[in-house]
Amino acid sequence: MTSDKHEKFPGHDKNTRQDGNGKHEEHGRQEGSAAGTSPAARLNPFRSRGSLRADFTASLVVFLVALPLCVGIAVASGVPAELGLVTGIVGGLVTGFLPGSSLQVSGPAAGLTVLVYEAVDTYGLSGLGVLVLAAGLLQLLMGALRLGRWFRAISVSVVQGMLAGIGLVLIAGQLYALADADAPGSGPGKLAGLGNLVLETAGDPGALTAVGLGTATVLVLLLWPKWRAGARVLPAPLAAVLLATAVTVGFDLPVARVQVQGLLDAVQPPGLGDFGGLASLGMISTVLAFTLIASAESLFSAAAVDRLHDGPRTQYDKELMAQGAGNTVCGALGALPMTAVIVRSSANVAAGARTKASRVLHGVWLLLFTAAFPAALGMIPLCALAGVLVHAGWKLIPLRELGPMWREHRAEAVVLAVTALAIVLTDMFQGVLLGLLLAVVKTAWETSHVHVETHDPGEGRPLVVTVLGNATFLRLPKLQDQLEALPADRPVELRLEKLRHVDHACGLALSAWEEQHNAAAARTASVREGKDASSMIG
């Protein structure tokens with residue numbers, strides 16, 4: 001089965017050693033991989049005939065995987081189908097040539113579908129070009145500032161929660177497309193309207209036909225990989241869409257089909273007047289969301305692809321700049337944003353790709369298909385593409401990881417669930433921000449362990465109180481409880497030299513407590529001495 005799902009944040013390959021810029025020394029070689037190619041061929045991927053033969057075959061496989069996904073993601077994003085293919089073409093012909101990660105493939109990704117749909121609905125198709133162009137320029141800037149490595153510091157639970165939230169909203173939206181119905185704009189609206197959708201579909205023969213065809217598409221996606229001989233010839237998404245299209249055309253089924261404009265008609269570069277919207281807070285937040293999500297997905301994908309081969313490792317800053325260059329071109333053409341995606345990339349590696357020539361050629365095949373066979377797109381039923389994306393959305397939800405995560409890292413599971421739920425109930429940007437904030441708070445809570453040790457040096461001397469660990473405001477209530485439990489009639493000597501960290505709030509609280517405690521102990525001692533003196537006189 002294939003989908004645009006990211007793997008969990010991977011560790012380093014045991015055969016490589018990484019330096020601070022994501023570069024690796026190679027300690028192993030693998031037959032038929034990029035590592036087995038001569039240095040000259042890696043510098044000029046078109047020089048070696050053996051490499052070109054392997055890359056040619058791999059490029060056809062990647063093209064067949066990418067074609068239905070590019071079209072389906074574009075339709076689900078609310079833009080012409082051709083714009084998804086434009087993004088795939090740019091991912092091959094522009095990003096494919098640039099350094100960074102030699103074997104991973106870029107194009108439109110299911111992970112950005114929900115955000116793109118909301119952006120097009122709010123700012124229009126011309127506004128989308130501005131958003132993608134600005135995000136691309138921001139990625140170029142971050143790569144130039146060598147910030148690519150820092151994206152690997154994002155909590156894995158936040159990324160998984162982000163993908164799960166996207167998957168839930170994507171599935172909810174595509175269930176409407178499965179029945180040839182219009183979906184509500186918001187995530188909560190999509191979920192709330194599902195009951196109505198079922199009732200309306202049950203009484204509409206045309207909608208039932210679309211649902212049956214879309215459901216059959218999902219079944220083909222699930223079962224096709226089990227037929228290994230067929231899967232070697234055609235990837236599951238393409239096989240499912242071809243079968244659904246053949247049935248639709250052969251029986252002339254009354255279902256909605258992809259609307260075709262032609263490549264040149266679909267490309268609408270943004271005008272100068274469209275850039276004025278960048279002064280609004282809404283557009284700025286959307287640009288930041290595009291940049292964060294596209295960069296994180298691309299770099300996580302690069303780390304996952306590095307585990308699949310023994311060739312040159314990803315240089316993260318250069319890869320971020322390559323993605324930025326691709327998104328800048330996509331924005332200038334008014335197309336969808338791009339990311340590097342694990343499905344096309346893993347298919348590229350599995351097909352025996354050795355150099356970046358395979359991903360460049362896949363862009364060539366997409367361009368030739370779009371230019372030569374545009375009418376073929378008009379035969380594809382929308383419900384079949386919806387089935388492909390329902391399957392892709394389901395794969396974005398990390399169901400297998402939830403059980404072990406809950407048992408072993410419960411706090412991480414909470415971060416994942418809260419991030420996903422926030423994306424469903426609000427929007428992508430707010431959901432990711434909430435997830436990041438919760439992850440930071442969780443980490444701060446787990447690292448701010450603090451405890452109190454006491455030492456009694458004997459009668460008449462202050463009680464020695466030593467505070468150890470990391471004293472932050474998160475642990476202040478517990479710390480104050482421990483201190484206030486000490487004998488109120490004994491003066492104390494507070495020692496903080498064993499604290500690894502103390503924030504301003506804790507520093508003030510500790511200083512105030514020591515002063516107040518010793519003052520109260522002095523008053524208690526004074527009262528006691530007065531009572532002793534009175535009893536002696538009496």
Side-chain angles (χ1 to χ4, degrees), residues 1-8 61-73 75-76 84 107-111 113-114 160 163-180 190 194 197-198 201 207-248 250-251 253 255 258 304 308 341-351 380-403 420:
M1 293 182 287
T2 61
S3 73
D4 280 346
K5 180 188 177 185
H6 282 288
E7 295 183 5
K8 292 190 291 184
V61 173
V62 178
F63 159 70
L64 295 175
V65 173
L67 179 63
L69 291 174
C70 288
V71 174
I73 289 167
V75 172
T113 302
V114 175
Q160 288 183 315
L163 294 174
I166 291 168
L168 290 171
V169 177
L170 183 61
I171 291 170
Q174 292 308 302
L175 288 176
Y176 291 86
L178 211 62
D180 282 348
K190 290 181 176 71
L194 289 177
L197 176 67
V198 172
T201 302
L208 287 174
T209 301
V211 169
L213 190 60
T215 304
T217 302
V218 175
L219 290 175
V220 172
L221 287 168
L222 294 172
L223 298 176
W224 188 265
K226 299 183 184 299
W227 182 30
R228 296 189 177 182
R232 280 196 294 268
V233 176
L234 281 181
L238 185 63
V241 172
L242 283 177
L243 288 172
T245 302
V247 170
T248 300
F251 292 93
L253 297 180
V255 296
V258 173
L308 302 178
V341 280
I342 189 62
V343 171
R344 277 156 265 187
S345 304
S346 59
N348 189 38
V349 175
I380 300 174
L382 290 178
C383 55
L385 295 178
V388 171
L389 290 173
V390 165
H391 179 259
W394 181 258
K395 296 293 288 182
L396 288 172
I397 304 171
L399 293 175
R400 292 183 180 179
E401 290 87 352
L402 282 177

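- Residue Pro68 is tested with Ile73, Thr217, Leu238 for a side chain to side chain contact (heavy atoms under 4.5 Å, CB included); the sole match is Leu238.
- Under the 4.5 Å side-chain criterion, counting only non-hydrogen atoms from C-beta, Gln174 is not in contact with Val388.
- Smallest separation of non-hydrogen atoms from Thr113 and Ala76: CG2-CB, 3.6 Å.
- The shortest heavy-atom contact between Ala239 and Trp224 is CB-CE2, 3.5 Å.
- When all heavy atoms are compared, the tightest approach of Leu221 to Pro225 is O-CD, 3.2 Å.
- Formation of a donor-acceptor pair under 3.5 Å by the Tyr176 side chain with backbone atoms of Lys190 is found in this model.
- Checked against ring-ring contact (aromatic ring centres under 6.0 Å, His included), Trp394 has no partners two or more places apart in sequence or in another chain.
- Residues Ala109 and Val341 come closest through the heavy atom pair CB-CG1, 3.3 Å.
- Taken from CG in Leu385 to CG in Leu178, the straight-line distance is 11.0 Å, to the nearest 0.5 Å.
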(request) For the pair Ile397 and Leu168, evaluate side chain to side chain contact (heavy atoms under 4.5 Å, CB included) and give the outcome as yes or no after the intermediate values. (result) CA-CA 8 Å; Ile397 304 171; Leu168 290 171; 3.7 Å; yes

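- Qualifying side chain to side chain contact (heavy atoms under 4.5 Å, CB included) partners for Val211, counting only residues two or more places apart in sequence or in other chains: Ala179, Thr201, Thr215.
- How far CG of Asp180 is from CG of Leu208: 11.0 Å, rounded to the nearest 0.5 Å.
- Interatomic distance, CG of Leu219 versus NE2 of His391, reported as 10.5 Å (0.5 Å rounding).
- Contact of the Leu213 side chain with the Pro381 side chain is registered, since non-hydrogen atoms from C-beta on lie closer than 4.5 Å.
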(message) Before you tell me yes or no, could you show the steps for Leu399 and Leu402 under side chain to side chain contact (heavy atoms under 4.5 Å, CB included), namely the whole-Å CA-CA distance, both residues' side-chain angles and the distance that decides it to 0.1 Å?
(response) CA-CA 5 Å; Leu399 293 175; Leu402 282 177; 4.3 Å; yes

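- Cys70 places a side-chain heavy atom less than 4.5 Å from the side chain of Arg344.
- For the pair Val71 and Val258, the tightest heavy-atom approach, listed with the atom from each and the gap, is CG1-CG2, 4.4 Å.
- A distance of 8.5 Å separates CG in Leu234 from CG in Leu243, rounded to the nearest 0.5 Å.
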